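Input: a single structure, listed below in structure tokens.
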Amino acid sequence: MPEMLGFVGKRLTVLKRVEKICDTIAAGGSRRMRDTVYLDDLRCDGTAHDGCQAECRLYWKEAWLARAEGASPLPASPDPAAMAELERIARANTRVPSDGADVFRCQATEALRASEPIGSVLSPGQYVREIASGNVGIGRFLVVAARAISWKLAKLVGQDILSRQARLHAARGRAQTAESGKLGLQPGDWVEVKSAAEIVATLNAKGRNKGMVFSSHEMLPACGRKYRVRRRVDRLIDEKSGRMLNIRNDCIVLEGFVCDGERSPGRWLCPRALYPYWREAWLRKVEPPDAKTGATA
């Protein structure tokens, strides 16, 4: 993608191998990806995609990389003609011909074509690869496996806490979106994520607030903790259709809080580290950490 051109010729560190990704297009669980890595948590800035603010991690095929040995000198500057041709190709493929609104193409919209089905969530190969590649340590894997088993058992007996509370509200006819004062949050502001009970009170019977779902498993660990606001999100490319979505209501991203793949049933250990989206109704504004102690939640 054009957003990757600025890294050509730079020396970077492999962050993770991309052995699998979660399917956020067809909701098909996990998918196998081959010969691909993440570098230094590099993320798409959306500059060539009409300002999309999803900040997805960039995929790098090994065929695009050369191993750097120790303190060897950096390669010579890229050939200008080759760079111009690469940019032409990259920019020509950011959109799909359409009679209506722009339809965008990016690594996220093309993820199904760049991957293949894994099969059952119980297929052992996907977890062996995560451990063998160094993406996941044995200890972390055992913790995630234990959580997956316990949650499966809890769901079978109807003990999924957040969904149970939402169903209770719906049964009593009270699952209405609770409005709170607009916070007007801006990048750099500090917030505390409200408790699960407070957030449940803002959700309808489908677990949504003004159309935005609260992903209980992934987002609950943030409850009661403090974070800095990373940005307000106004524009996102819909990965399924490729069309730009203009976000009408408040949509917040928090610095340092991403989906870690440890609480995503059917998509365990996905490395994409996507930023969850937050309504202001789920947050309360707080004072910055004490500058003297550097204390945070």
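Note that this is a predicted model, so its numbers are computed, not measured.
Among residue pairs with one or both ends in residues 128-142, those qualifying as salt bridge (Lys or Arg N to Asp or Glu O under 4.0 Å) are Arg140-Glu262; sequence neighbours excluded. Contacts classified as salt bridge (Lys or Arg N to Asp or Glu O under 4.0 Å) and involving residues 102-115 (residues at least two apart or in different chains) are given here: Arg95-Asp102, Arg105-Glu110, Glu110-Arg113. Sorted by first and then second residue, the ring pair (Phe, Tyr, Trp, His ring centres under 6.0 Å) pairs involving residues 236-257 (not counting sequence neighbours) are Tyr227-Phe257, Phe257-Trp278. Among residues at least two apart or in separate chains, salt bridge (Lys or Arg N to Asp or Glu O under 4.0 Å) pairs with a member in residues 116-127 are Arg34-Glu116. Judged as a ring pair (Phe, Tyr, Trp, His ring centres under 6.0 Å), the pairs with a partner in residues 99-147 (not counting sequence neighbours) are, in order, Tyr127-Phe141.
In this structure, Val96 belongs to a hydrophobic cluster whose other members, linked by side-chain heavy atoms under 4.5 Å apart, are Val103. With side-chain heavy atoms closer than 4.5 Å counting as contact, directly or through intermediates, the hydrophobic cluster containing Leu65 also holds Met1, Met4, Phe7, Leu12, Val14, Val37, Leu39, Leu42, Leu58, Trp60, Trp64. Val8 belongs to a hydrophobic cluster whose other members, connected by ILVMFWY side-chain contacts under 4.5 Å either directly or through intermediates, are Leu5, Met83, Leu86.
For the side chain to side chain donor-acceptor pair (under 3.5 Å) test, no residue two or more places apart in sequence or in another chain qualifies with Asp40. Checked against side chain to side chain donor-acceptor pair (under 3.5 Å), Ser264 has the following partners two or more places apart in sequence or in another chain: Glu218. Legend: residues meeting side chain to side chain donor-acceptor pair (under 3.5 Å) with Asp79, ordered by chain and number and at least two apart, are absent. Every residue meeting the side chain to side chain contact (heavy atoms under 4.5 Å, CB included) condition with Asp189, not counting sequence neighbours, appears here in chain and number order: Leu185, Gln186, Val229, Lys285.
In this structure, a donor-acceptor pair under 3.5 Å is present between the side chains of Glu239 and Thr24.
A salt bridge does not link Glu192 with Arg225: none of the charged nitrogens is closer than 4.0 Å to a carboxylate oxygen. Ion pairing between Glu280 and Arg232 holds under the 4.0 Å rule for side-chain N and carboxylate O.
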